[in-house]
Amino acid sequence: MDSDNTLINLKGVSYRYPGGKTVLDQIDFKFTKGDRIGLVAPNGSGKTTLFHVIMGLLKPSSGTIEIFGKVRQKEKDFVPIRHRMGLLFQDADDQLFSPTVIEDVAFGPLNLGKSKQEALDISRKTLDYLGLNGFENRITFKLSGGEKRLVSLATILAMQPEVLLLDEPTNALDTSMKSRLINILQELELSYVLISHEFDVLSKTAHAFYSMEGGKIFRDDREHIHTHQHAHIIGRQPHKHV
Amino acid sequence: MIPEVFAGGNSVIHSIDPRIKVVSALVYSLVIALSNSFIILLSALAISVALVMAAQLDTREVLKRLTVLWGFILLIWMLVPLTYPGATLFRIGPLGFSSPGVFLAAQISLKSTAILLSLMALLATMSIAAMGHALGCLGIPDKLVHLLLITYRYVFVMEQEYQRLIRAMKIRGFKPGTNLHSYQSYAYLVGMLFVHASARADRVSKAMKCRGFTGRFHSLRQFEPDPRNRLFTVFMVFIIILLATVEVWIQTIHS
């Protein structure tokens with residue numbers, strides 16, 4: 001692979017919706033092996049678009065995209081690398097389209113040319129790893145929201161990616177499911193970019209923080225002084241916070 | 001959501017290869033549909049009942065489905081004997097029931113009940129997923145099979161989206177009526193569903209591309225050899241041939 005461990009390198013990438021506003025404006029973004037980046041930004045600032053551009057699902061209007069050390073422009077440049085980058089979609093229903101869990105998880109490995117037996121083995125191992133034993137023959141649309149999220153993660157991990165692009169993975173999960181997912185992310189030896197609005201998740205899973213505004217992306221690791229207002233009982237009495 | 005009530009089960013019929021069940025259900029119903037003699041139709045009904053019993057289906061669920069069918073059949077009994085030309089069999093007041101009409105209605109009732117029962121026993125005892133794969137193995141084009149499977153997968157998601165939109169309308173006091181406002185709101189609702197569906201399709205296709213999809217589906221399913229498959233095939237072939245020959249024989253005698 002490339003010597004300097006750069007996995008993703010965007011140079012001056014812009015994206016504009018057909019006839020609409022510019023979502024990404026001359027973005028430079030470098031992502032190296034081992035990075036665990038948290039991406040925090042307001043809704044509509046282009047985070048999902050950025051992921052889709054990196055995956056080659058949306059074609060940028062200008063700029064170059066370098067992934068795994070090579071410039072990628074056309075669909076056929078992206079096909080061989082998609083399985084090396086796992087994109088977890090915001091809505092798990094978009095990702096799980098097969099009737100049963102095992103078929104969905106095996107879909108990726110089968111597309112990569114694995115035999116049925118290999119695909120089954122990989123899928124079972126992945127499900128086990130995520131603590132989803134016994135889910136094989138469950139019907140995907142009958143799973144709960146949290147289960148759907150974990151199964152979508154399994155469908156991606158089954159392709160043995162090197163990078164994960166996680167689009168609000170903990171969104172709408174309950175506390176126990178959330179901490180389960182955080183544990184999984186901490187244990188995975190993978191580089192990833194994680195979009196989230198939840199600070200408890202970000203602080204446990206990301207090493208560096210980026211934000212987006214006005215079509216730009218920038219590193220935002222500074223500590224900001226801020227004030228909180230909060231209410232609690234007998235708060236009127238003089239007291240200390242530790 | 002379509003609960004696949006009959007799909008889970010441990011009967012002999014459940015364990016038969018879905019391909020065999022699909023083909024035999026098709027041929028068997030075709031033979032029943034083309035038969036006219038009562039002896040054949042009655043035997044077919046008996047065989048279908050036997051198949052349902054062999055599949056150990058829940059009687060109440062079976063009856064629930066039959067009542068829907070019998071609703072239509074009732075309609076036929078009310079219309080066909082009164083309107084079909086022919087000798088009058090009996091009269092109630094001014095209404096004359098023609099005997100060919102009564103025969104026809106009886107045939108339709110027997111045929112449809114027998115076919116529906118056999119479909120419950122043979123087709124409903126597999127999941128839609130298994131049916132899709134069976135159809136694929138039987139040479140139905142991939143595109144149609146995946147249209148079936150993906151429709152089945154997303155029809156519920158669409159229904160949820162529909163329910164969400166309806167709820168959003170209701171909480172803002174929407175009451176359907178015969179006025180332009182109602183029609184317009186419904187048109188918006190349907191339009192919105194189309195927009196959501198196409199946006200969803202776009203996202204699903206992107207998600208599939210991300211996982212290396214290039215237009216070809218690979219199937220995991222393998223049909224395991226089981227001696228009961230052969231036994232069942234022989235049984236169904238025997239029944240179908242028996243019914244068909246007797247029917248043809250009766251028809252040649254009559255003509």
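Scope of the values below: all heavy atoms of this structure, side chains included, with no hydrogens, waters or symmetry mates. Below, chain A is the first sequence line, B the second, and so on; all start at residue 1.
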Discussion item. For the CD atom on A:Gln73, are there more than 12 heavy atoms of other groups (residues, nucleotides or ligands in this structure) within a distance under 6.0 Å?
Written reply: no

Worksheet entry | More than 12 heavy atoms of other groups within 6.0 Å of B:Met158 CE | yes

Discussion item. Need one label for A:Thr155: side chain, backbone, both or neither, based on atoms under 4.5 Å from any heavy atom in chain B.
Written reply: both

Worksheet item: Mind checking which of residues 49-66 of chain A sit less than 4.5 Å from chain B, heavy atom to heavy atom?
Response: A:His52, A:Met55, A:Leu57, A:Leu58

Practice prompt. Would you check if A:Phe141 and B:Gln160 make a side-chain contact, meaning some heavy-atom pair closer than 4.5 Å?
Written response: no

Worksheet item: side chain to side chain contact (heavy atoms under 4.5 Å, CB included) between A:Phe107 and B:Met208: does it pass, once the steps are laid out?
Response: CA-CA 9 Å; A:Phe107 176 74; B:Met208 288 167 80; 4.1 Å; yes

Worksheet item: Heavy-atom distance under 4.5 Å to chain B: side chain of A:Ile102, backbone, both or neither?
Response: both

Worksheet, complete the sentence: When rounded to the nearest 0.5 Å, the distance separating CG of A:Asp94 from OH of B:Tyr154 is 6.0 Å

Fill in: chain B contact via A:Phe97 - which portion, at a heavy-atom distance below 4.5 Å
both

Item to complete: Name the region of A:Asp104, side chain, backbone, both or neither, that has any atom closer than 4.5 Å to a heavy atom of chain B.
Response: both

Worksheet entry | Spacing of A:Met159 atom CE and B:Cys210 atom SG [to the nearest 0.5 Å] | 9.0 Å

Worksheet item: Are more than 12 heavy atoms from other residues, nucleotides or ligands located less than 6.0 Å from atom OH of B:Tyr162?
Response: no

Item to complete: Let me know if A:Leu88 has heavy atoms under 4.5 Å from chain B in its side chain, its backbone, both or neither.
Response: neither

Discussion item. For chain B, which candidate among A:Asp91, A:Thr140, A:Ile139, A:Leu96 shows the most heavy-atom pairs at distances under 4.5 Å?
Written reply: A:Leu96

Worksheet, complete the sentence: Checking heavy-atom separations under 4.5 Å from chain A, one finds in residues 197-204 of chain B B:Arg200, B:Arg203, B:Val204

Worksheet item: Taking atom CG of B:Asn10 as the centre, does the number of heavy atoms from other residues, nucleotides or ligands within less than 6.0 Å exceed 12?
Response: no

Discussion item. With a 4.5 Å cut-off on side-chain heavy atoms, are B:Lys206 and A:Phe89 touching?
Written reply: yes

Worksheet item: Got more than 12 heavy atoms from elsewhere within 6.0 Å of CZ, A:Arg124?
Response: yes

Item to complete: May I ask you to decide if B:Arg211's main-chain N or O and A:Asn111's side chain share a donor-acceptor pair within less than 3.5 Å?
Response: yes

